[in-house]
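Chain letters run A, B, ... following the sequence lines, proteins first, then strands; residues in each count from 1.
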Amino acid sequence: MSTREAERNASAQQTLDILYEIATLLNTQLDKATLATCIGMVENGANPEALAAVIQELRREGGARDANR
Amino acid sequence: MSSNPPLLDPLVNTYVPASRTNEVLRNDLVAHCQDILKSHIGHKAEPNFTQLTDSVKRRLLQLPAGSTSASKFNNLVARLLDQPVLTRKQEAVTFLFALSSLNSRQQPAIQLSFPSQPPPFKNSTNNAASDAPANLNREHGRSNASRLRDYRIYKGNSHINESLLVRDTLYLMQGISGKYVRFASSKEEEKKIVFNTDSHNIITAPTQALIHRLAELGHLYCRVENFVRERENAPGVGMIEQSLCHYLQAQLTEYYRLIAVLETQLSPSGRQGTTSPDDANPTEAETGLSLRRLDVWVNDWRLRMRMMSVCVEGARGAHGGALVNLIHSYTDNGDPFVRKFTDELLEEVSRPFFATLHKWLFSGELYDPFEEFFVTADSSLGHILYVHPSSIPGGINNLGNDDGFGADADDFLGQRDNGKKLWETKYRFRKDMLPLFVGESFGKKIFSTGKSLNFIRYSCLDSDWVVTREKMSNTGGILQYGDIGGLERSIDTAYQVASHRLFEVFIDKFKLLDHLYALKSFILLGHGDFADQLMETLGPSLGKPANTLHRHNLTVDLETAIRSSNAQKDPTGVLRRLDARMLEYSHGEIGWDVFTLEYKVNPPIDTVLDQEIMGNYLKLFKHLWQLKRIEKALNLGWMRVTGGIHTFIRLPQMEFEWHRIRLVMAEMVHFIRQLETYCRLEVIECSWKVLVDFLNKKEGDLDALIDAHRTYLERVTKKILLWNSKPGKEELLLRQLGEIFTIILQYREATDNFYNHCLTESARRDQAMDAERGVYTGNPDHDADVTSDVLSALLIRVKEYGSHFSDKVQAMVQQLQIHPDLDCRFLGVRLSFSEYYKSKKDSQPVPSSRGSQA
């Protein structure tokens, strides 16, 4: 059982790596953790484009906060 | 969605570190994010994975070194697809792509929109703010036009929906009035269209202009349609017009097809338009039909319709070939579209014309029931058999043409005593009906070819040949408008063949040459021995008054002359036609004045030798016959003055007188001989040579043949009759010649009298001498005194006539020397070859204007 779990983890890791590579290639400026979160959300049925809009929104918000500070 | 909030927190925390401490801010942001997630952003995502990756690759390729990253992307995607973990790979990639900085589509929109709006979180939880992202584009893109439209809706006078107008316009294009736009009903405003507008339904001016443009098509359509309908029902519409109608109808069918296609385009959007007029507009603009699109669609057709309409307008007045001409005049156009259209049209329209042409050119039949061809038959000649049977109502009865010929042949001979007239007037050439693309010279050729064939067929009864030719020609391809070069070749060939055949028929079958030769031999006295014989046998009887002559005697004499001369070896066909007869005579005329030879000609030879020509021949015969008579008379006289005098008359004191008579008579003989030589050699034979050369060439048609013969005869006539071209002097020389002839005859008479007198005198002296010798031979019955009176009177007359003759010849030579015709002038030179007349004239004291012309 544990071997299957490990296999699953490995393949999930591999998928995440691939996705991360694509993300860097596409210059999305996501780190691995955020990416994992987002992919998880997409897997759960989130609207991908809306999610992208959320990310951008939050980035801007954060940026604005930083600038204000 | 329930699982999303826990995941949102870390995201918020990651990007907005402040929220870790600030609970309210975090909640705000999470709520805001949830709103976004619930919105419908990006529902128009690419439907399948391949399209998605493709669009990503396109983006990548736009970057520097894009090809390597694109292939890398390809590779990664392939690997991703192999992974079993993710269930929503497409969405994942979509997410990444949406976030990517490469995807410039969304970023500017969002960046621009936010600064203009108050930050949503500051207005606490506001519905309007939460709507904002979804309505971003629409709110911002709201133009003045749409505001105006809203205003109008608010005021209650809206524009009529375009789709409704499009539907109406489609009706208009078929000539049917629509609901909002209709054709003016009154007659004089036929060309106008009327817009049904009220305060609630406005059609704007630009739209009206557009509809006007489109409605033109409808108007033109109506016109063409009407024309076609009119012609469909009208009786006696020519074949060319029928084919024009056919073509127009075919074009109209194409037009219907276009309308049908447009209508199918219209119907889905039309349905939408009725259900939700406002929302339908954008989609309709994508897929449906607008007035402008309609305009583009029918642009070609507008031009075509215009041309059709022009043709239709022209076709009202024109007919047949003129109609073809009219259309042909539009082919000279720089616009390839117009040219192509008219070419097609002409191809179609000219087909019946070419069918007729084919029939005419290859079989000499005029099949033109509607008189559209440029050749017309003169129906007044009444040879109904010559027309194509099917063009006559109930013509089937006449189909047995060939059978009919046998029975009618005699009729024909009686009827067609004037082949020339038939040839010249049976068919007429109508220049206005000749299509321009044929050209007038070719038109003439066509005309002449068909005429020749027709003539060969019916007048020469040689229909077999024509039929064979027709069959052969059928394999040689069809005549059509597109192949003008081939047409011209066909015409040339047909023309040559036909004219060649015509010559063959005339020369070989009808022996035209034999007839012409016979005319030359008999009528122009070419057979010298025959003429002499005839003169000898006829001479005595011709001296009698005309009313004592009988035709049978003349014909018997003619027969004798033929038998006793070489003429008997001529073909019997020729001799059969020869006849002797008397002209109409009046009181006091003698046989010489009224006798004439006649050569009878039958059809179809009489086409060449018509009555006028034969009249000319008779005139020539009369002149030459007279010349012959003078010659004969002089011959007899000469024999008398040279032979008889020495034999019978022994009057030494008269010897001098006789010498003078001989001198004058020699002059006369010289004159007549020269005149005859001139007529025979310079005039007849030379002209004959020209004619025979022409005939051997076998070129040209029957007209040319007729012309050649006419020229020949004219030349002969003019020169023999010494015709002067100067006005008022035409017959001057002929009159002089006639006077000279009379003088010669009178002189001859005077010398005869003198001779008789001398003979009597001689006899008297012989008697006296006999008496001296004591031989009694009768009583001396003449008184010497009386004799001397008579003698002097006779001598005076002889002298008078002699000098008269000299003067006349003198005058005539003068005239001849300034004659405009070279041959006549040469005759003058011949007559005065030793300058006999000139020296005589110079010796006269009175100077004349003749000068050095001799």
Subject >> Gap separating the OG1 atom of A/T24 from the CG atom of B/L96, nearest 0.5 angstrom >> reply: 9.5 Å
Subject >> Shortest non-hydrogen separation from A/L25 to B/S69 and the atoms involved >> reply: CD2-O, 3.5 Å
Subject >> Pairs of heavy atoms under 4.5 Å with chain B: top-ranked of A/A12, A/C38, A/A23 >> reply: A/C38
Residues 13-21 of chain A, side-chain donor-acceptor partners within the protein, below 3.5 Å, at least two apart:
residue	atom	partner	partner atom	Å
A/T15	OG1	A/S11	O	2.7
A/T15	OG1	B/Q83	OE1	3.3
A/D17	OD1	A/K32	NZ	3.0

